[in-house]
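For reference, the structure discussed in these notes is given below.
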Amino acid sequence: MDSIIVTGNGPLHGQIPIAGAKNACLALMPATLLSEEPLTLTNAPRLSDIRTMTTLLQSLGAEVSALQDGQVLALSSHALTGHRAEYDIVRKMRASILVLGPLLARAGQAEVSLPGGCAIGARPVDLHLRALEALGAEMDLRDGYVHARAPAGGLRGGPVEFPFVSVGATENVLMAATLARGTTVIRNAAREPEIVDLARCLRTMGAAIEGEGTDEITVEGVDRLHGATHRVVTDRIELGTYMLAPAICGGEVECLGGRIDLVGAFCEKLDAAGIDVTETANGLKVSRRSDRVKAVDVTTEPFPGFPTDLQAQMMALLCTADGASVLEERIFENRFMHAPELMRMGARIDVQGGTARVTGVDRLKGAPVMATDLRASVSLILAGLAAEGDTTVNRVYHLDRGYERVEEKLSAVGAKIERVPAQ
Ligand code: EPZ
């Protein structure tokens with residue numbers, strides 16, 4: 001397993017290009033199953049998760065080609081050859097569950113392995129199943145798989161009400177509803193930019209959708225969807241991550257492709273911490289007002305609140321802040337695994353259940369640390385940028401799931417960072 005060595009090297013200067021959103025692309029790709037015509041996705045991120053979704057779709061009979069060094073995905077599911085998503089693939093990437101809705105809508109049946117838990121939590125899929133049952137699907141859970149079947153005449157539109165916000169469940173039922181007979185109204189829908197991006201792509205394919213980005217989405221089922229070309233929205237989590245680089249070690253960095261509307265709540269917290277964010281013609285320019293950021297309290301919430309996917313990265317910044325910060329993680333039950341690793345670097349963090357109290361220190365010290373999940377990994381990289389000496393982050397395969405060429409992007413703005421291939 002590769003490692004990455006980061007050495008604190010002072011302020012950063014230059015530009016970092018932000019890629020297309022992993023979490024949008026992982027929902028957009030299964031949308032190809034809804035149509036017999038080709039779907040082309042541009043601005044696709046070059047990530048291992050995208051390659052895993054490619055393998056899954058190919059196992060169902062879809063054709064997926066990565067063009068232009070992986071930045072364009074040409075997908076086509078003219079003739080599906082199967083409807084079973086094997087455990088071996090699903091266990092690697094939970095987003096595999098997003099083929100369930102499209103397969104039910106297109107093929108009338110699906111067998112999808114239950115994803116199982118992951119490092120940050122149990123991650124059940126009950127909301128996905130209940131929502132699809134509201135469209136008439138029958139779900140039978142056995143031998144670790146969801147065996148799903150649509151009614152003989154196909155899915156039928158209906159009311160869907162989520163007890164709490166779920167991004168994936170909203171995406172699954174949104175895709176299924178596009179081909180269900182009649183009207184579907186999704187209440188307490190997720191409002192993330194990735195949902196909006198999926199709805200826009202589906203509309204380009206001929207779907208009749210209104211309300212995306214609000215908590216109520218209405219879908220009028222149509223008989224079929226046609227092909228389309230769609231540009232994947234900018235990755236707001238990669239954006240927020242790289243905005244924190246100049247925040248944590250000084251300098252000025254322009255994140256190309258960044259948009260304020262994607263990171264509103266996050267920018268409010270940066271401002272309170274003493275970080276300037278300026279919109280430019282090419283993206284967002286970020287610098288800190290003084291050598292020490294201020295402590296701020298953070299609570300993670302569904303969009304438009306502070307994103308849980310930026311909590312670990314923000315904690316790294318607050319480890320060096322002037323004062324004490326309280327971070328409350330309200331989305332996942334176990335998303336502080338970066339804390340013990342940051343403490344190996346000298347951070348002062350007290351975790352009590354879903355709350356972490358961080359007391360800022362003057363400077364972190366480099367140390368060997370262990371990546372445990374995708375966002376925790378990059379949190380350790382950020383801490384290493386500001387730390388004294390070398391930080392070796394092990395198990396960086398977690399990182400490669402969600403960040404393309406992280407050492408290239410950070411080296412280009414002056415960071416001292418290198419990847420060490422597994423011995
Ligand atoms: C998506 O996961 C993202 N993944 C996650 O990003 C992100 O953290 C999460 O949304 C929240 O924003 C992708 O888009 C591929 P949820 P998802 O359903 O859809 C519980 C990253 O780092 N829940 O909104 O799985 C769930 O356990 C990843 O890029 C149920 O209980 O998240 C969680 O506590 C990590 N039953 C909460 O709801 C269900 O059926 C929110 O989960 C579904 C979810």
Side-chain angles (χ1 to χ4, degrees), residues 19-31 45 47-50 52-53 56 90 92-101 112 114-134 139 141 146 160-175 186 188-198 215 232-233 235-241 262-263 265-266 300-314 329-335 337-338 354 371-379 398-404:
K22 166 179 85 79
N23 291 347
C25 203
L26 290 175
L28 291 164
M29 293 173 76
L47 304 168
S48 58
D49 268 9
I50 303 304
T52 304
M53 181 60 81
L56 171 57
V90 176
K92 286 184 201 137
M93 188 188 61
R94 315 178 31 72
S96 306
I97 192 73
L98 294 174
V99 302
L100 179 59
V112 179
L114 285 165
C118 76
I120 63 177
R123 308 288 298 273
V125 291
D126 53 321
L127 298 188
H128 297 244
L129 307 185
R130 298 297 79 75
L132 293 167
E133 283 173 336
M139 299 289 170
L141 297 191
V146 180
V160 175
E161 174 108 27
F162 285 117
F164 52 86
V165 170
S166 163
V167 172
T170 300
E171 291 165 339
N172 238 332
V173 74
L174 174 59
M175 288 191 277
I186 306 169
N188 206 12
R191 300 169 55 189
E192 274 67 8
E194 294 75 37
I195 304 282
V196 173
D197 203 43
L198 175 62
D215 62 2
V232 179
V233 68
D235 192 321
R236 63 194 170 97
I237 306 304
E238 188 192 28
L239 169 61
T241 301
L262 295 172
V263 284
F266 175 68
T300 64
E301 297 173 309
F303 195 88
F306 189 99
T308 174
D309 292 349
L310 284 172
Q311 177 260 108
Q313 300 90 313
M314 191 69 178
E329 172 56 59
R330 287 193 175 165
I331 306 294
F332 291 107
E333 62 265 33
N334 183 35
R335 203 169 197 179
M337 282 161 303
H338 41 287
T372 51
D373 65 84
L374 167 56
R375 307 303 174 182
S377 314
V378 82
S379 157
H398 289 292
L399 201 63
D400 296 335
R401 295 190 52 182
Y403 291 90
E404 63 173 51

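Read the numbers this way: they start at 1 and go in the same order the structure lists the ligands and their atoms.
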One should read off an interatomic distance between Ile237 CD1 and Arg375 CZ, to the nearest 0.5 angstrom, of 6.0 Å
Output yes when a side-chain donor or acceptor of [X] lies under 3.5 Å from a complementary backbone atom of [Y], and no otherwise.
X      : Y      : result
Asp197 : Val233 : yes
Asn172 : Leu132 : no
Glu192 : Phe303 : yes
Asp215 : Asn188 : no
Asp400 : Ser48  : no

Does [X], backbone or side chain, put an N or O under 3.5 Å from an N or O of ligand 1?
X      : answer
Ala95  : no
Ser166 : yes
Asn23  : yes
Phe164 : no

Looking at [atom], what's its closest protein heavy atom, distance included?
atom                    : result
atom 25 (O) of ligand 1 : Arg123 NH2, 3.1 Å
atom 24 (O) of ligand 1 : Val167 N, 2.8 Å
atom 40 (O) of ligand 1 : Leu127 N, 2.7 Å
atom 26 (C) of ligand 1 : Phe332 CE2, 4.1 Å
atom 36 (N) of ligand 1 : Asp126 OD1, 2.7 Å
atom 22 (O) of ligand 1 : Arg375 NE, 2.9 Å
atom 43 (C) of ligand 1 : Pro124 O, 3.3 Å

The answer for which part of Thr308 has a heavy atom under 4.0 Å from ligand 1 is side chain
What are the atoms of ligand 1, with element, lying closer than 4.0 Å to any heavy atom of [X]?
X      : answer
Ile331 : 33 (C), 34 (O), 37 (C), 41 (C)
Gly168 : 18 (O), 19 (O)
His128 : 40 (O)
Asp309 : 5 (C), 6 (O), 7 (C), 8 (O), 21 (C), 22 (O), 28 (C), 29 (O), 35 (C)
Leu374 : 22 (O), 29 (O)

[X] near ligand 1 by a heavy-atom separation under 4.0 Å:
X      : result
Arg335 : yes
Ala169 : no
Phe303 : no
Lys22  : yes

Q | Pair Ser379-Gln313, side-chain hydrogen bond (donor to acceptor under 3.5 Å, both in side chains): steps then yes or no | A | CA-CA 4 Å; Ser379 157; Gln313 300 90 313; over 6 Å; no
Gln311 meets the side-chain hydrogen bond (donor to acceptor under 3.5 Å, both in side chains) criterion, sequence neighbours left out, with Glu329, His338
Could you go step by step and tell me if Glu194 and Arg236 meet the salt bridge (charged side-chain N to carboxylate O under 4.0 Å, His left out) rule?
-> CA-CA 9 Å; Glu194 294 75 37; Arg236 63 194 170 97; 2.8 Å; yes
From the list Thr170, Leu98, Leu28, Asn23, side-chain contact (heavy atoms from CB on, under 4.5 Å) partner of Leu198 resolves to Leu28
Exactly one candidate in Val146, Ile97, Val173 meets side-chain contact (heavy atoms from CB on, under 4.5 Å) with His128; the answer is Ile97
By ring-ring contact (aromatic ring centres under 6.0 Å, His included), Phe266 pairs with (sequence neighbours left out) Phe306
side-chain hydrogen bond (donor to acceptor under 3.5 Å, both in side chains) with Arg335: of Thr308, Thr300, Thr372, Asp373, only one passes, and it is Thr308
